[in-house]
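All remarks here apply to the structure that follows.
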Protein chains: 4
Amino acid sequence: MTDVDQPASPPPARRARRADAERNRHAIIEAASAVFAEQGATVDVREIARRSSVGMGTLYRHFPTKDDLLVTVLEQEFTSWLTNALQTAAATEDPWQALTGFFEETLTHQACNRALVESYATQDGPSPECAQLRESVLGELLDRCLDAGLLRSDVTTADLALLIMSLSHVVQATGESHPAQWRRLLRISLDGLSSRNTEALPES
Amino acid sequence: MTDVDQPASPPPARRARRADAERNRHAIIEAASAVFAEQGATVDVREIARRSSVGMGTLYRHFPTKDDLLVTVLEQEFTSWLTNALQTAAATEDPWQALTGFFEETLTHQACNRALVESYATQDGPSPECAQLRESVLGELLDRCLDAGLLRSDVTTADLALLIMSLSHVVQATGESHPAQWRRLLRISLDGLSSRNTEALPES
Amino acid sequence: MTDVDQPASPPPARRARRADAERNRHAIIEAASAVFAEQGATVDVREIARRSSVGMGTLYRHFPTKDDLLVTVLEQEFTSWLTNALQTAAATEDPWQALTGFFEETLTHQACNRALVESYATQDGPSPECAQLRESVLGELLDRCLDAGLLRSDVTTADLALLIMSLSHVVQATGESHPAQWRRLLRISLDGLSSRNTEALPES
Amino acid sequence: MTDVDQPASPPPARRARRADAERNRHAIIEAASAVFAEQGATVDVREIARRSSVGMGTLYRHFPTKDDLLVTVLEQEFTSWLTNALQTAAATEDPWQALTGFFEETLTHQACNRALVESYATQDGPSPECAQLRESVLGELLDRCLDAGLLRSDVTTADLALLIMSLSHVVQATGESHPAQWRRLLRISLDGLSSRNTEALPES
DNA sequence: AATGAATGAGGATTCATTCAT
DNA sequence: TATGAATGAATCCTCATTCAT
């Protein structure tokens, strides 16, 4: 009776293989994530293979190109970042606090990720999906603040995105030597966004 | 006495060599400056040799390392930038105008210089001398504004330097697609610096 | 006795396995045949596995080496070619017609088979059996023509075999751009074989 | 008096360098020629570098691509082959003898050159210039024979070119084991070309 | 002092074959 | 027995730097 609907006790070999491969894939992404973060996007692919204890062939089976791997890693980092941020923001009642917290957390996290920050240079995110997700997160945060009259009325999500990008570079540059310095810049920027400033921003 | 004013008929070979060498050095720096600006610090050294119409040997005689050349170029760009900025600032009566003008000009100029902006990532200037020079320029601008009560009283030159760095990245990233976007960020940042914001900045 | 005609309700696993294996083997050969023909002997083995819907392991269980597979495919193609040719020839009364028909058909068929034509480069057939079979087919055709006094008396089967080989390369090289060109060369060669030419061929 | 117009006794360094580089270039081509001939176009570039006692960089300085090197080698071999053939043909009074001799020599030479023969598979010569040159040599030989009424009147240079190609493969395949066999095929083909055969060739 | 050719260690990617499930 | 993931040596090409002339 209790066995009804229970899938076959010894899981099919197919599954097992898949699980192993999936584990490898994860190991690769994990290693790549770490290595890219530490050394930037120019690292030797072999370093990633080594760290994930995987042969070159395996790596290239999962990611046909170094760049594919990089994009995958960045997408994942982006997504997890934004997903977390969304939850945290949703859990925060005060709109201003939500916005501030989002910046704090974002910058704290991206501090030591070279590849992530590098990626800002060429695009505005690793993929359209990520850009879209970021757009919606920023839109949410922005709207709440705007509705509460806390921000200049003409601030856009693009402004916020660029703010993150530029402050990320600050975090990266000062991280080791002056780990707290970027918070001053953040404060300055946030103060500049506040509705206390009434003059219109220039057209983009 | 008799030698005075005698331009030796066969001009001293030494001097000629020197002049030649100096000309070469200049050509290399000029070319490197352009190439680094266009393509970033990763360009092939041969491209620089080609553009300066100089052999590799000559290039390496003047600059024992690619990095030496890069540093020299950056130093020069830094210096000329800051020197000009100093003059312009001195010629501007209004302290606030001096500060904003400085940012405007700086960012406009560095927009298309990839290597220069890249260089912010690793250090806060190519050399201590440059850092010192920047320090004094920023100090000058800052002090005038502080004296006039235009800025938050706890803003530092380090803050200003990082602001330039962060906005430079914005300029670089948006330059092609949205050439005017960075001015919005600049306005936001400057507003955030103004003494209208009374709260103290966090300790660095 | 009682067992006769009884299709054992649970069909013997052994036999089923065998049948499956045989089916796989066929699928592999079929796919390999197509792929080798299209792309030559250098194709990735994975392409063959893919096209035969079989895993790499299965493929390598049946053929321990890529080359084994290639040889098997070539043997089969050789055999079927020669078997057909033998039948056609037997059904053709006129000896000369039989010979020319053989060449026509052979070359038409091998036109698009890259691996087959490539294979001529290294050996004179994929296996001794094939060589033997070809020998007998060519011998048959040759003898009938010789008996009828249609060919130079010192033409050998080796000559005919090499003629096929050489014309196959022509077919391959001109197939796409000048699909009819090889028939000119064939005519020339056949005319050169005819007994109209009385001079002896050089010793090999 | 005798010194007038004499270039500077010690040849300028520039020349020396050039000469050395030229020597290297020649060494590379020589080595590549040998290696390609022996092992075909798929050899490792390093083997060529090794045999020419040159670093990889030097090789790639002279030939930006493995294929460039191959093409250069083939062009050179083609050109020298055809140039020689042209001279020999011009020195041969009898048109038929000229044609025969051309085939003999050509096939004897290309016997052991794998890459050269391979090259026929994809194109009809390494470059348009070579094709043109071959066209003119073959045209010359052909016309003389046609004028003398020795060949079928509808034989074309394209027929001759394909004949060379196809017989080259024969030479290659039989070279080691039956070094004289190809001459039989050659004789057969030439006999097939002779005006003794009056039937028209099929349209191409 | 100038030239530019030479060097060779890397770096990304492929593919025949093996092996755990 | 079938599967397809894993392996890693091999391959083409680049580029900072050195060196003979």
Side-chain angles (χ1 to χ4, degrees), chain A residues 10-25 42-47 49 53-67, chain B residues 13-14 16-18 20-21 24 42-47 49-50 53-67 69, chain C residues 13-14 16-18 20-21 24 42-47 49-50 53-67 69, chain D residues 10-25 42-47 49 53-67:
Chain A
R14 195 67 64 75
R15 270 292 148 72
R17 206 8 111 162
R18 278 262 176 84
D20 242 37
E22 205 53 32
R23 202 169 13 255
N24 263 335
R25 190 187 160 88
T42 63
V43 265
D44 191 334
V45 186
R46 275 132 153 174
E47 176 66 17
S53 308
V54 141
M56 292 295 290
T58 304
L59 198 156
Y60 273 89
R61 155 180 281 274
H62 287 285
F63 303 95
T65 283
K66 183 188 183 182
D67 201 63
Chain B
R14 280 295 164 71
R17 274 292 154 89
R18 276 264 177 88
D20 251 32
N24 270 338
T42 63
V43 264
D44 193 328
V45 185
R46 271 125 112 186
E47 175 67 16
R50 217 172 298 138
S53 309
V54 144
M56 293 294 286
T58 306
L59 196 156
Y60 271 87
R61 161 174 299 277
H62 286 284
F63 304 93
T65 280
K66 183 188 184 182
D67 201 61
L69 174 54
Chain C
R14 279 294 164 69
R17 275 291 154 89
R18 274 266 178 86
D20 252 31
N24 269 339
T42 62
V43 264
D44 192 328
V45 185
R46 272 126 110 184
E47 175 67 16
R50 219 172 297 138
S53 308
V54 144
M56 293 293 287
T58 305
L59 197 157
Y60 271 87
R61 160 176 297 279
H62 287 285
F63 305 94
T65 280
K66 183 188 185 181
D67 201 61
L69 174 55
Chain D
R14 195 69 64 76
R15 269 293 147 73
R17 208 4 113 162
R18 278 262 176 86
D20 242 36
E22 205 54 33
R23 204 170 10 256
N24 262 337
R25 190 188 161 87
T42 62
V43 265
D44 192 332
V45 187
R46 275 133 153 176
E47 176 65 18
S53 309
V54 142
M56 292 294 292
T58 305
L59 198 156
Y60 274 90
R61 154 179 281 275
H62 286 285
F63 304 94
T65 282
K66 182 188 182 181
D67 201 63

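In the text below, chain A, chain B and the rest are named by the order of the sequence lines, each starting its count at 1. These numbers come from a predicted model, not from an experiment.
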First of Asp67(A) and Val45(C) reached from the 5' end of DNA chain E, by closest nucleotide | Asp67(A)
Residue pair Gly55(B)/Thr42(A) against DNA chain E: nearer the 5' end by closest nucleotide is Gly55(B)
Length of the line joining [X]:[atom1] and [N]:[atom2], which is rounded to integer Å:
X        : N       : atom1 : atom2 : value
Asp20(D) : dT18(F) : CG    : P     : 21 Å
Lys66(D) : dT14(E) : NZ    : C1'   : 14 Å
Arg25(D) : dG4(E)  : CZ    : P     : 17 Å
Phe63(C) : dA2(F)  : CZ    : P     : 12 Å
Arg61(B) : dA20(F) : CZ    : P     : 14 Å
Leu59(C) : dT1(F)  : CG    : C1'   : 14 Å
His62(B) : dT17(F) : NE2   : P     : 17 Å

Would you mind telling me which of [options] lies closest to the side-chain atoms of [X]?
X        : options                  : result
Asp44(B) : dT3(F), dG4(E), dC15(F)  : dC15(F)
Met56(B) : dG4(E), dA2(E), dC12(F)  : dG4(E)
Thr58(C) : dT17(F), dA2(E), dT3(F)  : dT3(F)
Arg46(D) : dA2(E), dC12(F), dC15(F) : dC12(F)

Atom pair CE/CG of Met56(C) and Leu59(C) - distance to nearest 0.5 Å | 6.5 Å
Rounding to 0.5 Å, atoms CD (Glu22(D)) and CZ (Arg25(D)) come to a distance of 6.5 Å
DNA chain F nearest-nucleotide lookup for Val54(C) and Val54(A): closer to the 5′ end is Val54(C)
Taking for Thr65(B) and for Val43(D) the nucleotide of DNA chain F with the nearest heavy atom, the one nearer the 5' end belongs to Val43(D)
Report yes if at least one side-chain N or O of Tyr60(A) is closer than 4.0 Å to OP1 or OP2 of dT13(E); otherwise report no.
-> yes
Within the structure, does a side-chain N or O atom of Asn24(C) lie under 4.0 Å from either OP1 or OP2 of dA2(F)?
-> yes
Exercise: identify the closest heavy-atom pair between [X] and [Y]:
X        : Y        : result
Thr65(B) : Tyr60(B) : CA-CE2, 4.2 Å
Val43(B) : Lys66(B) : O-NZ, 2.8 Å
Asn24(B) : His62(B) : CB-NE2, 4.0 Å

Strand DNA chain E as a dot-bracket string - pairs counted if Watson-Crick or G-U with both distances under 3.5 Å, | where the partner lies in another strand | .||||||||||||||||||||
